[in-house]
Amino acid sequence: MKPLIAGNWKMNGLGEAISEVQSLIAKFDGSAPDDRDVLICPPATLIGRFAAEFADEAIQIGGQDCHAKESGAHTGDISAAMLADAGAAYVIVGHSERRADHDELNADVKAKAEAVLSAGLIPIICVGETEKERKEERALEVVGTQLKESLPETADEFVIAYEPVWAIGTGLTPTLNDIAEMHRFIRSQTREDIRLLYGGSVSPTNAAEILAIDHVNGALVGGASLKADDFHSIVMAAKGA
Ligand code: 13P
């Protein structure tokens with residue numbers, strides 16, 4: 001399976017950040033290797049600009065969220081069709097920061113994933129347990145419920161990102177065994193041809209060992225995706241297909 005290394009810029013990046021993507025591409029000697037997919041999900045304000053600027057490069061641009069409806073009276077929201085129109089190829093849905101900050105439930109995440117598919121884009125559906133849930137040894141059960149309730153009914157292609165909430169932005173990661181166990185479990189709950197990403201404090205230092213785990217088919221990278229040097233190292237740490 002072709003690995004997918006996705007950068008989630010979250011609420012970071014003004015127009016000048018385009019230079020960081022240009023540096024990344026320069027590090028690839030002009031074009032990213034075609035045995036792996038490279039995706040950057042900047043804030044919505046930059047999607048159109050990045051998609052136009054990098055249309056000929058082997059990197060893709062994605063959104064970080066969308067509304068479940070195609071259009072209508074929803075001030076401030078952005079539909080998947082609009083993201084497609086701006087040049088996005090993927091849309092992250094159900095990130096734990098959306099679930100926590102905007103009270104998004106599994107059913108909302110599923111509706112968004114289906115909206116992304118209807119717009120002809122690929123959803124990256126995020127799941128992951130909290131620190132309390134892991135301590136209570138409920139991680140598999142919690143992620144199992146999220147999967148059951150958040151995945152679209154039918155889809156040609158979607159991506160699942162396992163992001164333990166307590167590993168996001170903390171420098172903490174689960175043990176390699178815990179990542180392996182969770183990814184084996186997620187694989188058992190879904191299809192063989194779906195890419196499963198790990199996310200949560202992925203760095204140039206830990207990327208190679210995490211990306212070598214069975215059923216880890218890529219990474220969803222936050223902080224380290226903002227710096228061309230770090231993101232390039234993580235992209236290159238993936239074993240190409
Ligand atoms: P960090 O890589 O900064 O921990 O963020 C992970 C994340 O939330 C990506 O979606």
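Every number for a ligand or one of its atoms is a count from 1 in the order of the listing.
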Below 3.5 angstrom, do we get any N/O pair linking Glu97 and ligand 1? no

Between Asp34 and Lys2, does the salt bridge (Lys or Arg N to Asp or Glu O under 4.0 Å) criterion hold? Intermediate values first, please. CA-CA 9 Å; Asp34 61 9; Lys2 202 177 189 182; over 6 Å; no

So is Ala167 touching ligand 1 or not, going by heavy atoms under 4.0 Å? yes

Please say whether Gly199 places an N or O atom under 3.5 Å from an N or O atom belonging to ligand 1. no

Decide whether the shortest distance between a heavy atom of Ser201 and an atom of ligand 1 is less than 4.0 Å. yes

Distance under 4.0 Å to a non-hydrogen atom of Leu220: what atoms of ligand 1 satisfy this? 9 (C), 10 (O)

For ligand 1, which atoms, with element, lie under 4.0 Å from some heavy atom of Gly223? 1 (P), 2 (O), 3 (O)

Output the list of atoms in ligand 1 that are nearer than 4.0 Å to some heavy atom of Gly200, sorted by atom number. 4 (O), 6 (C)

Do NZ/NE/NH1/NH2 and the carboxylate oxygens of Arg134 and Asp178 come within less than 4.0 Å? yes

Ignoring hydrogens and angles, tell me if any N or O in the side chain of Gln64 forms a donor-acceptor pair with the backbone of Cys41 under 3.5 Å. yes

Any salt bridge between Arg99 and Asp108, counting N to O under 4.0 Å? no

Contact partition for Asn8 relative to ligand 1, non-hydrogen atoms under 4.0 Å: side chain

Between Ala224 and ligand 1, does any nitrogen or oxygen pair lie at a separation below 3.5 Å? no

Look at the aromatic rings of His183 and Tyr198 and report parallel, tilted or perpendicular, splitting at 30° and 60°. tilted

Identify whether the distance between the nearest side-chain nitrogen and carboxylate oxygen of Asp193 and Arg191 falls below 4.0 Å. yes

Closest by any non-hydrogen atom to atom 6 (C) of ligand 1: pick that one out of Gln64, His95, Glu163. Glu163

Tell me which one of Ala219, Gly222, Ser203, Gly7 gets a heavy atom nearest to atom 1 (P) of ligand 1. Gly222

Answer yes or no: is there an ion pair linking Glu53 with Arg49, defined by an N-O contact shorter than 4.0 Å? no

Does this structure show an ion pair linking Asp214 with Arg187, if we count only N-O contacts that are shorter than 4.0 Å? no

